[in-house]
Amino acid sequence: MGLSFFNTLSRTVQEFAPLDPAGKKVGMYCCGPTVYDSAHIGNWRTFVFADLVRRYLEFKGYEVKHVMNITDVEDKIIKRVRETRTTLREFTSQYEAAFLDDLKALGCLEPHVKPRATEYITEIISLIELLIARGIAYKASDGSVYFSIEKYRGCGCNYGQLVNLNFDEMRVGERVASDEYDKESLADFALWKAYVPEDGEVTWDSPWGKGRPGWHIECSAMSMKVLGESFDLHLGGEDLKFPHHEDEIAQSEGATGKPFVKYWLHGAFLLVEGKKMSKSLGNYFTLRDLLAKGFTGREVRYLLLSAHYRGTFNFTIDGLAGARAALARIDECVGKLRELGAPASGPAQSELVTRFTTALDDDLNISAAWAAIFDWVSETNKRLASNSLTLAEAAATLAAWEQVNSVLGIGCVAEAEAPAEIVALLEARQAARKAKDFKRSDEIRDELKAKGWVIEDTPKGPKLKKL
Ligand code: AMP
Ligand code: ZN
């Protein structure tokens, strides 16, 4: 089997075959951030997972159109706009900007299209009109518009494609106004929410009067506008399966009569020190919190990529320290290969690339992929230590690393820039050695060590390395 993913829709691992008859173009939508606060590392686990999917598809030669929406109007946002007495745009733009900065710091490729819900109100209204025309949506007495689950199912459509639902418990026509509800509160959900004074300035005109869209319809409208009525991949965290994604399917398929998405991929939750992340427990981390503790975006990325996307992942600060050590091993190996002066070009060493792709083809089996990488590091270190690597072999193995890294996106840090004082000490040590003053040269070495630097003597001369 080639590339395969666990599809929540079929509950099985399925071979990936894009809808494009030429088998080249892939449309991928990942539900983006709700910009009412800073994204936490749980959110980041999902976005880094989406970045991995996109990078791996590109590595496999697909032409990916990666869409990630910005949810810039929904219940929580409106509440915060009211509390902070700002305008909607003023309020959301600060969190949107911070999100995009973090995205970069984590080495994620920027999605090709980042639609904002507030810029798709016309499309949202048209979609609701279509659902009303098809008899699947109705206007309630307060001016809000609801999706009728009974009418949808009456058309032979299947509500409950991603999760199993108990319709016996459902009271027909019962409505839920909030965007977030659980499976037990199964009910008709809001597509358009009639204006209430608490909405303040956040309102648009519509055929049903003033109001604003529900969260679920936003994603149906944006994804279909940018990627078409049917597209390949839809991603998000596991909490979005119900109601958000189930409702997206119902709205989209109810309006078009066509299958909405071929493969649904859901990432499992991130826990912190074994517990659910929450502000009250004080175990709530944003990327900035971790950067302030001295960790790098690259270390956080490595940690988030270290476990399979479908298993819950327990985040710990010790885990981040482990990520630092693992990256240092890789950096050292790649650094030594680079020092040999071999270009990372020409044919790649096939064993690493073959093991890596076999692992990721299998529903992104990242643990097997890391095992391949660390075996490669050990083997390369052995060959480097015994001086048995030819220049051509070094070039091939570096080329293999570059290929693998185009998927992982963890890069390889350049030598840390040494401050002038440290460089001056290095020069003094060189002068002492030249003068055969080995006592002085050793003293300087110790002094450097005390300041956190070591000197490595390489075939290309001495190099400064941070401890
Ligand atoms: P939100 O900004 O709340 O809409 O969430 C953005 C994305 O983060 C969604 O795909 C969520 O499913 C995902 N998400 C939220 N919390 C977590 C968590 N603890 N672990 C993994 N993903 C999460
Ligand atoms: Zn969404």
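One is the number of the first residue; the rest follow in order along the sequence. Atoms within a ligand are numbered from 1 in the order they appear, just like the ligands themselves.
- With hydrogens and angles disregarded, a donor-acceptor distance shorter than 3.5 Å links the side chain of K262 to the backbone of A17.
- Proximity of the aromatic rings of Y29 and W264 is defined here by a centroid distance below 6.0 angstrom, and this criterion is not met.
- Angle SG(C31) to the Zn ion (ligand 2) to SG(C219), rounded to 10°: 130°.
- Take the N/O/S atoms of H244: the one nearest the Zn ion (ligand 2) is NE2.
- Side-chain N/O atoms of T71 and N69 include a donor and acceptor closer than 3.5 Å.
- The contact set between ligand 1 and F47, taken as ligand atoms under 4.0 Å from a residue heavy atom, comprises 6 (C), 7 (C).
- For atom 9 (C) of ligand 1, the nearest protein heavy atom (residue, atom name, distance) is L240 CD1, 3.7 Å.
- Scanning all protein heavy atoms for the shortest distance to atom 22 (N) of ligand 1 gives T46 OG1, 2.7 Å.
- Screening V64, D361, D51 against Y56 for a side chain to side chain contact (heavy atoms under 4.5 Å, CB included) leaves a single residue, D361.
- Closest protein heavy atom to atom 4 (O) of ligand 1: T34 OG1, 2.9 Å.
- Ligand 1 lies within reach of P33, whose nearest heavy atom is under 4.0 Å from it.
- Atoms of ligand 1 found under 4.0 Å from any heavy atom of H40 (numbered from 1 in listed order, with element): 16 (N), 17 (C).
- The heavy atom nearest to atom 18 (C) of ligand 1, out of those in A50, A268, G42, is found in G42.
- In this structure, the protein non-hydrogen atom closest to atom 12 (O) of ligand 1 is D239 OD1, 2.4 Å.
- When only interatomic distances are considered, the shortest N/O to N/O separation between C31 and ligand 1 does not fall below 3.5 Å.
- In this structure, the protein non-hydrogen atom closest to atom 10 (O) of ligand 1 is G237 N, 3.0 Å.
- In this structure a side-chain-to-backbone donor-acceptor pair under 3.5 Å is missing from D72 to V35.
- Look at W44 and you'll find every heavy atom at least 4.0 Å from all atoms of ligand 1.
- The protein atom (non-hydrogen) at minimum distance from atom 8 (O) of ligand 1 is N43 ND2, 3.0 Å.
- Checked against the 6.0 Å centroid threshold, Y95 and F91 count as a close aromatic pair.
- Ring to ring, F147 and Y138 are not that close: their centroids are 6.0 angstrom or more apart.
- Between the side chain of S144 and the backbone N or O of A140 there is no donor-acceptor pair closer than 3.5 Å.
- Less than 4.0 angstrom separates some heavy atom of L270 from each of these atoms of ligand 1: 18 (C), 19 (N), 20 (N), 21 (C).
- Assignment of H266 to the shell around ligand 1 is not supported, since no heavy atom sits closer than 4.0 Å.
- Note: W215 and H244 have parallel aromatic rings, judged against thresholds of 30 and 60 degrees for the angle between ring planes.
- Taking 4.0 Å as the cut-off between side-chain N and carboxylate O, E74 and K76 count as a salt-bridged pair.
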